[in-house]
There are 2 protein chains.
Amino acid sequence: MGQRDTGTEQLIKDTAKRIFFSEGKLHATTQDIADAAGVNRTLLNYYFRSRDILFEQVATEARAEMSAVMDTVFSAKLEFKEKLEQLITVFMDQAMKFPYREMYVVTELNRGDKVVPEEKKIRVKAFLKEISAEMEKGKIKKMDPRQFCMNLFALMAYPLITNCLNKSIYNVNDAEYLKLMKDRKKLIFEMIYQ
Amino acid sequence: MGQRDTGTEQLIKDTAKRIFFSEGKLHATTQDIADAAGVNRTLLNYYFRSRDILFEQVATEARAEMSAVMDTVFSAKLEFKEKLEQLITVFMDQAMKFPYREMYVVTELNRGDKVVPEEKKIRVKAFLKEISAEMEKGKIKKMDPRQFCMNLFALMAYPLITNCLNKSIYNVNDAEYLKLMKDRKKLIFEMIYQ
DNA sequence: TTGTCGTTTAACAAAAATGTTAAACATAAT
DNA sequence: ATTATGTTTAACATTTTTGTTAAACGACAA
C-alpha cells in the first residue's frame with residue numbers, strides 16, 4: 001500500500017501560516033496560497049476539501065500552537081520570576097516569527113459566530129493565582145491579575161502587529177526595529193516586575 | 001439645481017466603518033455593507049465607483065481620524081502629566097468604540113504594497129521630546145522614548161482587539177469586561193507614570 | 001403641471017474565487 | 001513489466017463577488 005506523503009499537505013499549511021501569520025495578508029485567497037507554495041490550487045481541495053476547512057484548520061492549529069507554547073512555560077517548575085522571564089523570551093520569539101497569528105484567530109472568530117473552545121482555562125487560572133501570590137509578596141504592583149496578564153501580552157504582541165505603522169511614525173528601518181524589539185524583552189520584564 | 005444629499009454616502013461609509021472598526025469583520029463584502037446599511041448595493045458603486053476606492057477611502061479616513069484625535073492632545077498646552085492623562089482618556093474612548101480601526105489600516109497596508117503617507121511625524125517627534133524631558137526629570141523610567149510610546153499604545157489598544165479571546169480565557173462577561181477596560185485608564189497611567 | 005436632475009432600483013454582465021472531474025503521473029509492491 | 005494506489009495536473013463547472021446599464025422614482029424649480 002503506497003503511503004507516499006510527499007509533504008505537500010504540510011507545505012500548504014505552512015505556506016498558509018506564513019502568509020497569514022507572518023506577512024499579515026489576511027485576505028489571501030486559495031490561489032495566493034497555492035502560488036506561494038508553488039503547487040496547483042487543486043491540491044488545496046484535494047487535501048482539505050474546501051477553503052473553509054483549510055482556514056479553520058489553520059486557525060485551530062494556531063490556537064493549539066499558542067496554547068502549547070504557553071503551557072510549557074506555565075507548567076514549568078520555576079520560581080515566578082524565572083517563569084516570567086522565560087515566558088517573555090518564548091512569547092516574544094514566537095511573536096517575532098508570527099506577529100499576526102492572534103490577529104488571524106481573532107478575525108476568523110469575528111467572521112462567523114464561532115465560539116472559542118472551553119479548554120486550558122485551568123492553566124490560566126493557576127497562573128493568575130501565581131500572579132496574585134506574587135502581588136502579596138510585593139514583587140509586583142497590586143492589581144486585578146487579569147489586568148496584569150493583559151498588560152504583559154499587550155506589551156509583547158502589539159508593537160509587532162503595528163510594525164508597518166511604527167516604522168513610519170518613528171522613522172526606523174528594519175534593522176533598528178529588530179533591535180527595538182529585542183530590547184523590549186528586558187524592558188518589559190523590568191516594567192512589570194520590580 | 002438639485003443638490004439633494006440624502007446622506008446615503010455618509011451612511012455607507014459609517015456602516016462600513018462600524019463593520020470594519022467596531023465589529024472587526026475584516027472580510028466583509030460590499031453586499032454585507034449594503035445590507036447592514038439597508039441600501040441597494042449599486043449605491044456603493046454610484047457613490048464610490050468601486051469597492052477598492054471605498055475601502056481605501058475608509059482606510060485613509062481612519063488614519064486621518066486617528067491622527068486628528070492624537071493631534072488635539074499632542075498640541076494641547078498642558079503639562080506632560082495632564083497631557084498623558086488626557087491622551088489615555090481620549091484614546092481609550094476611541095479604542096472602545098473602534099477597537100479594530102488600527103487593525104483595518106494595518107491589514108489594508110499588508111494587502112497591497114501601499115506606503116503610509118509621510119505626514120504628522122513632526123507632532124510625534126515633538127511628543128517624543130516631551131517624553132525625553134520627562135525622563136530627565138525622573139518622572140518616568142528612562143528608556144528609548146519610542147519604547148515608551150509603544151508601551152503606552154500597546155497597553156491601551158491590545159486588550160480591546162483580543163476582546164473575544166480574553167473573555168474566553170479569563171471567563172468574564174460583557175459587563176465585567178467593560179469595567180476592566182474602564183479601570184485600565186487609571187491603571188495604565190499609574191503603570192507608566194510614577 | 002412639466003421638465004430637470006440627483007437618487008435609487010432591478011436586471012444584467014463580467015470578473016474573481018472556489019469546487020469538481022477525469023486523466024496523467026509517479027512510486028512501491030507483486 | 002504490470003498493477004495498484006496515492007499524487008498532481010488541466011479543463012471545466014459553479015458559486016460568489018463585483019461592476020454596468022437603463023429605467024423608475026422623487027424633490028424641486030420654472
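- As rounded to whole Å, 19 Å separates atom P of D:dT16 from atom CD of A:Gln31.
- Toward the 5′ end of DNA chain C lies the nearest nucleotide of B:Thr6, the other residue of the pair A:Thr29 and B:Thr6 mapping further downstream.
- Between the CG atom of B:Asn45 and the C1' atom of C:dC12 there is a distance of 14 Å, rounded to whole Å.
- Among the nucleotides C:dT9, D:dT7, C:dT7, the one closest to any side-chain atom of B:Asn40 is C:dT9.
- Taking atom CG of A:Asp5 as the reference point, atom C1' of D:dT8 lies 15 Å away to the nearest angstrom.
- For C:dT18, one of the phosphate oxygens OP1 or OP2 lies less than 4.0 angstrom from a side-chain nitrogen or oxygen of A:Thr30.
- For the pair A:Phe55 CZ and C:dA17 P, the computed distance is 11 Å after rounding to whole Å.
- Picking from C:dT8, D:dG19, D:dT8 the nucleotide with the shortest atom distance to the side chain of B:Ser50 gives D:dG19.
- Base engagement by B:Thr42 is indicated by at least one non-hydrogen atom pair under 4.0 Å involving a base atom.
- For the pair A:Arg41 and B:Tyr46, nearest-nucleotide mapping onto DNA chain D gives the more 5' position to A:Arg41.
- If you measure from atom NZ of A:Lys25 to atom P of C:dA17, you get 14 Å, rounded to the nearest angstrom.
- We find that B:Glu108 and B:Arg63 are not joined by a salt bridge, their nearest charged nitrogen and carboxylate oxygen being 4.0 Å or further apart.
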Derivation and outcome, salt bridge (Lys or Arg N to Asp or Glu O under 4.0 Å), residues B:Lys179 and B:Asp183: CA-CA 6 Å; B:Lys179 176 160 174 29; B:Asp183 291 345; 3.0 Å; yes
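- Judged purely by atom type and a 3.5 angstrom limit, A:Asn173 uses its side chain to pair as donor or acceptor with the backbone of A:Glu176.
- Put simply, CG on B:Leu44 is 14 Å from C1' on C:dT7, counting in whole angstrom units.
- Using a 3.5 Å distance cut-off with no hydrogens or angles, the side chains of B:Thr29 and B:Asp32 do pair a donor with an acceptor.
- Distance B:Ile33 CD1 to D:dG19 P: 11 Å, rounded to the nearest Å.
- When heavy atoms are screened at a 4.0 angstrom cut-off, B:Phe48 is found touching no nucleic acid atom at all.
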Stepwise, does the salt bridge (Lys or Arg N to Asp or Glu O under 4.0 Å) test hold for B:Lys83 with B:Glu134? CA-CA 12 Å; B:Lys83 193 178 274 196; B:Glu134 210 70 6; over 6 Å; no
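- Distance, B:Gln10 CD to C:dT7 P: 14 Å, rounded to whole Å.
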